[in-house]
Amino acid sequence: MESQHLVSELLKRPIAYHSAVAKAFGSVKLALMWCQLYYWSERVLDPEGWVYKSQQDFYEETGLTRKNLDSSRELGKKLGVLEEKLAGNPPILHYRINLENTIRILDD
């Protein structure tokens with residue numbers, strides 16, 4: 001009975017993932033990161049869409065490891081679909097998706 005409860009709890013928070021994004025980016029891991037940031041960008045109070053997610057947050061929400069995130073961040077910046085900035089004191093890494101560039105890549 002306990003394992004049934006655990007599985008039930010795990011399935012309550014699925015992650016929205018779109019294979020078209022992975023195909024366009026050439027990376028399932030970047031697509032997973034991007035989709036999670038897209039989800040949160042609509043729920044943050046920052047009017048410019050900046051989202052703070054720690055490596056631990058990403059791991060807990062998506063299963064992406066630090067190595068996965070590092071390579072996804074680099075590819076996302078190279079493709080122009082992901083922006084980063086340090087903000088706060090102490091500085092914390094924030095992310096923002098570039099929807100315009102993403103749409104351009106999806107259209108190609």
Side-chain angles (χ1 to χ4, degrees):
M1 187 64 155
E2 184 63 32
S3 62
Q4 182 179 7
H5 177 70
L6 177 61
V7 170
S8 175
E9 287 299 311
L10 287 173
L11 296 177
K12 284 183 180 178
R13 294 180 51 202
I15 294 175
Y17 163 80
H18 303 282
S19 63
V21 176
K23 292 171 187 172
F25 292 170
S27 170
V28 170
K29 294 171 187 170
L30 173 56
L32 186 57
M33 180 184 187
W34 187 96
C35 288
Q36 190 67 354
L37 287 170
Y38 180 78
Y39 169 85
W40 282 111
S41 69
E42 295 184 331
R43 288 157 178 79
V44 296
L45 299 177
D46 187 295
E48 296 179 3
W50 289 100
V51 176
Y52 164 71
K53 284 283 171 199
S54 69
Q55 187 273 322
Q56 186 63 34
D57 292 334
F58 271 115
Y59 182 72
E60 289 175 8
E61 294 174 10
T62 66
L64 293 171
T65 64
R66 178 175 204 98
K67 184 178 177 182
N68 298 151
L69 287 174
D70 288 346
S71 61
S72 296
R73 288 174 49 214
E74 289 306 310
L75 179 57
K77 290 186 292 185
K78 180 179 176 185
L79 292 174
V81 298
L82 184 63
E83 300 171 5
E84 299 178 355
K85 75 172 182 176
L86 287 172
N89 190 11
I92 299 171
L93 188 59
H94 289 69
Y95 303 92
R96 180 170 65 182
I97 60 167
N98 186 313
L99 195 54
E100 185 177 309
N101 285 347
T102 300
I103 291 169
R104 182 184 47 78
I105 290 171
L106 286 168
D107 281 345
D108 289 346

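Remember, it's a predicted structure, so these values are computed and weren't measured experimentally. Basis for what follows: all heavy atoms, side chains included, without hydrogens, waters or symmetry-related copies.
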What distance separates [X] [atom1] from [Y] [atom2], expressed to the nearest 0.5 Å?
| X | Y | atom1 | atom2 | answer |
| --- | --- | --- | --- | --- |
| K53 | Q36 | NZ | CD | 6.0 Å |
| L86 | L93 | CG | CG | 5.5 Å |
| E48 | K85 | CD | NZ | 6.0 Å |
| F58 | L37 | CZ | CG | 4.0 Å |
| D46 | H94 | CG | NE2 | 7.5 Å |
| L69 | D57 | CG | CG | 10.5 Å |

Could you please spell out the steps behind the side chain to side chain contact (heavy atoms under 4.5 Å, CB included) verdict for W50 and V44? CA-CA 8 Å; W50 289 100; V44 296; over 6 Å; no

Under the side chain to side chain donor-acceptor pair (under 3.5 Å) rule, what pairs show up with a residue in residues 15-33, not counting sequence neighbours?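 Qualifying pairs, neighbours excluded: none.
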
With sequence neighbours left out, write down each residue that passes salt bridge (charged side-chain N to carboxylate O under 4.0 Å, His left out) with R73, or none if nothing qualifies. D70, E84

List the atom of [X], the atom of [Y], and the distance in Å for their closest heavy-atom pair.
| X | Y | value |
| --- | --- | --- |
| S41 | G49 | CB-O, 4.1 Å |
| M33 | Y95 | CE-CE2, 3.6 Å |
| A16 | C35 | O-CB, 3.2 Å |
| S54 | Y52 | CB-OH, 3.3 Å |

Between Q55 and Y59, do the side chains contain an N or O donor and an N or O acceptor separated by less than 3.5 Å?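 Checked: Q55/Y59 side chains show no N/O donor-acceptor pair below 3.5 Å.
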
I would like to know whether I97 and W40 meet side chain to side chain contact (heavy atoms under 4.5 Å, CB included); could you show each step before the answer? CA-CA 10 Å; I97 60 167; W40 282 111; over 6 Å; no

Sort out for me which residue in L79, L75, T102, L82 forms a side-chain contact (heavy atoms from CB on, under 4.5 Å) with W34.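 Among L79, L75, T102, L82, the one that satisfies the side-chain contact (heavy atoms from CB on, under 4.5 Å) with W34 is T102.
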
Sole residue of D107, L106, N101 in side-chain contact (heavy atoms from CB on, under 4.5 Å) with R104: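 That would be N101.
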
Got a sec, which residues hit side-chain hydrogen bond (donor to acceptor under 3.5 Å, both in side chains) with S71, two or more places apart in sequence or on another chain?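 Not a single residue meets the side-chain hydrogen bond (donor to acceptor under 3.5 Å, both in side chains) criterion with S71.
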
Check this for me: E100, atom CD, are more than 12 non-hydrogen atoms of other residues, nucleotides or ligands nearer than 6.0 Å?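 Not more than 12 within 6.0 Å, no.
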
Heavy atoms of other groups near R66 CZ, more than 12 under 6.0 Å: no

Side-chain donor/acceptor of N68 to backbone N/O of T65, under 3.5 Å: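 Side chain of N68 to backbone of T65, a donor-acceptor pair under 3.5 Å: yes, one is there.
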
